[in-house]
Amino acid sequence: MADKELHLSPSMDGPLQDYFRAEEELAVSATRTAYGLLTQHIQKYGSKLKHQFEALNSSSQSLAESLLMAILLTSDSSFSGPHVCKKWDDRPGWSEGTLTTIVHMAEVAAGQIVHFGCEVRHGKHTRQLAILLDLDRPGERLRSKTEKEKLLSSLGFRILTFTEAELIGSSDNCHDRVQGLLAEMAGEVDHDEWDEKHAGA
């Protein structure tokens, strides 16, 4: 990926220019991190991940969303790589092997939108994960956050929450958390499928 250049107005000076320079440098760093994650996995999945990332990524997304998208696309351990849908209701209803589906801004229930919804499936067996960005007073346990998490849990979702600072400052740790949980979910659906096939044997 070609390095992005910083463009600051020459009329800016002092603290204001320092602020905008820091913001732009952060954006460049986050974008490099996202593409770095994708590049590490190109050998396994070819250019599929880069194309998926660029198709999903938009100028309206935050740095945190772009990074999280790259983390998700590179956290799946299945042979064919992740499957991306635009709507939660469009995810596959059955799969021959283990399949991870990712939906950005997924409406997982009426009026309930999560930044990323993930479903790991084998046959008819599924596990689901909601990934939330903690943008409103990050780190604080607000009532609105806990109520959303309780509702998602009641629907069977596991939940991961990240702040923008975590994603930008500790992307490797965030990647490990996502990858570990998706692998655990994949193991569970594989076990369920095996149990079903061998029931009564």
Side-chain angles (χ1 to χ4, degrees), residues 34 37-38 41 45 48-58 60-136 138 142 144-164 166-168 171 173-190 192-193:
L37 284 168
L38 297 171
H41 292 72
Y45 297 129
K48 175 183 176 181
L49 291 181
K50 184 172 180 289
H51 292 157
Q52 285 180 323
F53 176 76
E54 290 178 344
L56 284 169
N57 201 23
S58 70
S60 63
Q61 288 180 193
S62 66
L63 296 177
E65 284 178 294
S66 294
L67 268 174
L68 188 47
M69 185 182 301
I71 286 170
L72 277 166
L73 288 172
T74 57
S75 292
D76 177 53
S77 59
S78 64
F79 177 77
S80 60
H83 175 72
V84 177
C85 287
K86 290 186 177 180
K87 295 182 179 180
W88 185 248
D89 290 342
D90 292 341
R91 65 197 192 282
W94 190 87
S95 67
E96 179 68 31
T98 307
L99 176 69
T100 299
T101 299
I102 300 169
V103 182
H104 178 230
M105 297 307 290
E107 186 172 10
V108 298
Q112 292 299 317
I113 297 175
V114 300
H115 287 92
F116 289 93
C118 305
E119 181 174 85
V120 181
R121 172 180 291 277
H122 191 158
K124 67 180 183 181
H125 304 286
T126 63
R127 297 293 188 277
Q128 296 174 333
L129 169 65
I131 301 184
L132 309 174
L133 288 174
D134 187 3
L135 303 175
D136 182 17
L142 303 179
S144 58
K145 298 178 187 179
T146 57
E147 288 180 349
K148 187 180 187 75
E149 290 172 4
K150 286 178 181 177
L151 177 58
L152 291 169
S153 293
S154 73
L155 295 171
F157 283 85
R158 299 183 192 188
I159 301 164
L160 282 177
T161 303
F162 297 104
T163 65
E164 188 173 49
E166 284 179 305
L167 287 163
I168 294 174
S171 59
N173 180 56
C174 296
H175 189 278
D176 289 346
R177 287 173 62 191
V178 172
Q179 189 172 52
L181 188 49
L182 288 177
E184 180 181 315
M185 293 162 64
E188 291 176 4
V189 295
D190 289 346
D192 289 348
E193 182 71 6

How close do Phe116 and Glu65 get, heavy atom to heavy atom, and via which atoms? CZ-O, 3.8 Å
Applying side-chain contact (heavy atoms from CB on, under 4.5 Å) to Val114 and Ile159, what does each step give before you reach the verdict? CA-CA 10 Å; Val114 300; Ile159 301 164; over 6 Å; no
Heavy-atom pair with the smallest gap, counting every atom of Thr163 and Pro138: CG2-CB, 3.9 Å
Out of Ile131, Leu67, Asp134, which one pairs with Phe162 under the side chain to side chain contact (heavy atoms under 4.5 Å, CB included) rule? Ile131
Flag, side chain of Lys145 to backbone of Asp136, donor-acceptor distance under 3.5 Å: yes
Any side-chain to backbone donor/acceptor pair from Arg121 onto Pro92? Under 3.5 Å, distance only. yes
Separation between OG1 of Thr98 and CG of Asp190, rounded to the nearest 0.5 Å: 3.5 Å
Evaluate Glu107 against Gln112 for side-chain contact (heavy atoms from CB on, under 4.5 Å), listing each step before the verdict. CA-CA 5 Å; Glu107 186 172 10; Gln112 292 299 317; 5.8 Å; no
Write down the atom of Ile102, the atom of Pro82, and the distance for their closest heavy-atom approach. CD1-CB, 3.8 Å
Calculate, to the nearest 0.5 Å, the distance between atoms CG and CG belonging to Asn173 and Leu167 respectively. 10.0 Å
Would you find a donor on one side and an acceptor on the other, under 3.5 Å apart, between the side chain of Arg91 and the backbone of Trp88? yes
Between atom CE of Met185 and atom CD of Gln128, what is the distance when rounded to the nearest 0.5 Å? 7.5 Å
Least distance between heavy atoms, Cys174 atom then Glu166 atom: SG-O, 3.5 Å
Locate the shortest heavy-atom distance separating Cys85 from Asp90; write the atom from each residue and the value. SG-O, 3.6 Å
Using modelled atom types and a 3.5 Å cut-off, is there a donor and acceptor pairing between side-chain atoms of Thr74 and backbone atoms of Ile71? yes
Would you call Val120 and Leu129 a side-chain contact if the rule is heavy atoms closer than 4.5 Å? no
Got a sec: does the CD of Glu147 have more than 12 other heavy atoms crowding it under 6.0 Å? yes
Kindly compute the distance separating CG (Leu142) from NZ (Lys148), expressed to the nearest 0.5 Å. 13.0 Å
Can you tell which of His125, Arg127, His122 makes a side-chain hydrogen bond (donor to acceptor under 3.5 Å, both in side chains) with Glu188? Arg127
At what distance, to the nearest 0.5 angstrom, does OG of Ser153 lie from CZ of Arg158? 11.0 Å
What's the separation between atom CG in Leu73 and atom CG in Leu68, rounded to the nearest 0.5 Å? 9.5 Å
